[in-house]
Amino acid sequence: MRSGQLEPMTTNRLLDTPSGNAVVVALDHGLSLGAPEGFENPRETMDKVLRGKPDAVLVGPHFARHYQERLQEADVDVILTADVVTFSTSPGRDHGEDLWTPAFDAEFLQELDPVGVKTVLVFGRDDNETFRRNIEYISQLAEQLRDTGIPLVVEPVMWGERIPDQLETDTDYVADAMRMGWEFGADILKAPYTGSVESFEPLVENSPVPVMILGGPATGTTRAMLESVEGAMDAGARGLMIGRTIWKSEDPARTVSALMEIVHEGASVEEVWDEREPAAVTGGRET
């Protein structure tokens, strides 16, 4: 079992597992993408994921409200997305626009009793005012959640037009973004994996808050995603919050089960994944 860092009391509910780590499946894509391919039927996709018994799911608050009974039945923890980031005013389309806004009141989010609240921190924007509002929202939300027992998860990403796509996982950029994320108030970071244990380990060690990884661009095979998770765990990460690469895989329950062994038992990809591998997963940005 990989050892983890000590964390503030507010993170205990999310990471209160025998290993101190967590597998979180992101199912909040409807907030920005509408009904994307593979997620047209929310109940069906959710059930496929839940059969793998993840520790938690990341969803929008009204998704959690509508499917509260099913989520309780599955005995799965819930993390709520507090903001909306989308890429067009046309429903479900990506026209390269940067449309971000705070969306849900902190009091409403607390009423749903989540084990965490998540918001993005987008770097590289052309619109300085939107970036300023993003920082202000994170700092305010951090104060509103202080002493509630609900950790604030900040997802620092390089999605703006000023940062080329190839630098989204650049070690220097990610290091700076992670530092700013917890300096603004994050209790947990949902960070891009930089591609190797050697480059990611110092970033995790330098963070006073637990680090989990996001999925990165939604391309490549399920096995490649599992290998990234194995590398991140070897570097000291506390788990993952990944969406499309899981629920668009050929067998989401099998994918979740493999992740659970890697994250909680320190298993290798070779031990949990045979050659019966699904086709590449493609399409859009990953959260």
Side-chain angles (χ1 to χ4, degrees), residues 24 26-34 36 58-61 79-90 92-104 106 109 116-145 151-195 203 207 209 211-219 240-245 283-287:
V24 181
L27 296 171
D28 59 342
H29 300 72
L31 290 169
S32 58
L33 300 177
L58 171 65
V59 297
I79 302 168
L80 298 177
T81 294
D83 55 0
V84 171
V85 54
T86 190
F87 314 104
S88 174
T89 57
S90 299
R93 305 302 185 264
D94 186 346
H95 293 154
E97 298 177 70
D98 178 17
L99 304 172
W100 171 88
T101 187
F104 305 106
L109 296 171
V117 166
K118 193 273 295 184
T119 182
V120 296
L121 172 58
V122 180
F123 291 96
R125 284 184 162 118
D126 284 327
D127 183 352
N128 292 343
E129 177 60 20
T130 299
F131 184 55
R132 184 199 65 77
R133 288 177 57 233
N134 197 172
I135 296 171
E136 181 179 65
Y137 180 58
I138 289 170
S139 62
Q140 290 176 348
L141 197 55
E143 292 305 309
Q144 290 166 347
L145 293 176
L152 175 62
V153 181
V154 173
E155 179 179 0
V157 289
M158 274 57 71
W159 287 349
E161 292 297 319
R162 295 182 182 179
I163 301 177
D165 290 348
Q166 64 269 25
L167 295 180
E168 286 189 13
T169 59
D170 176 81
T171 302
D172 290 337
Y173 272 89
V174 174
D176 289 334
M178 288 173 59
R179 174 64 176 270
M180 294 170 75
W182 65 257
E183 292 268 12
F184 295 160
D187 297 304
I188 297 172
L189 292 171
K190 177 189 176 187
Y193 179 55
T194 53
L203 278 58
S207 174
V209 302
V211 177
M212 305 177 79
I213 66 164
L214 54 79
T219 58
L240 59 103
M241 296 186 189
I242 291 175
R244 198 192 321 259
T245 316
R285 310 176 196 224
E286 176 61 83
T287 57

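As the structure is a computational prediction, the values presented were derived from the model and not from experiment.
- Residues Ala142 and Gly185 approach most closely at CB-O, 3.6 Å, considering heavy atoms.
- Going from atom CG of Leu121 over to atom CH2 of Trp100 covers 9.0 Å, rounded to the nearest 0.5 Å.
- For the pair Glu129 and Arg132, the salt-bridge criterion is met [side-chain N within less than 4.0 Å of a carboxylate O].
- Shown here for Ala186 and Val154, the closest heavy-atom pair between the two residues is CB-CG2, 3.4 Å.
- None of Tyr137, Phe123, Trp159 except one satisfies the ring pair (Phe, Tyr, Trp, His ring centres under 6.0 Å) rule with Phe131; the exception is Phe123.
- Contact between Leu189 and Met178 at its shortest, heavy atoms only, is CD1-O, 3.6 Å.
- Listed here is the closest heavy atom pair of Gly60 and Asp28: N-CB, 4.0 Å.
- Val122 has its side chain within reach of Asn134: a pair of non-hydrogen atoms, C-beta onward, lies under 4.5 Å apart.
- In this structure a side-chain-to-backbone donor-acceptor pair under 3.5 Å is missing from Ser32 to Thr86.
- The nearest pair of heavy atoms linking Leu58 to Leu80 is CD1-C, 4.1 Å.
- To the nearest 0.5 Å, atoms CE (Met241) and CD1 (Ile188) are separated by 5.5 Å.
- Judged by distance alone, the side chain of Arg162 and the main-chain N or O of Arg125 form a donor-acceptor pair under 3.5 Å.
- The CG atom of Asp83 sits 3.0 Å away from the OG1 atom of Thr119 when rounded to the nearest 0.5 Å.
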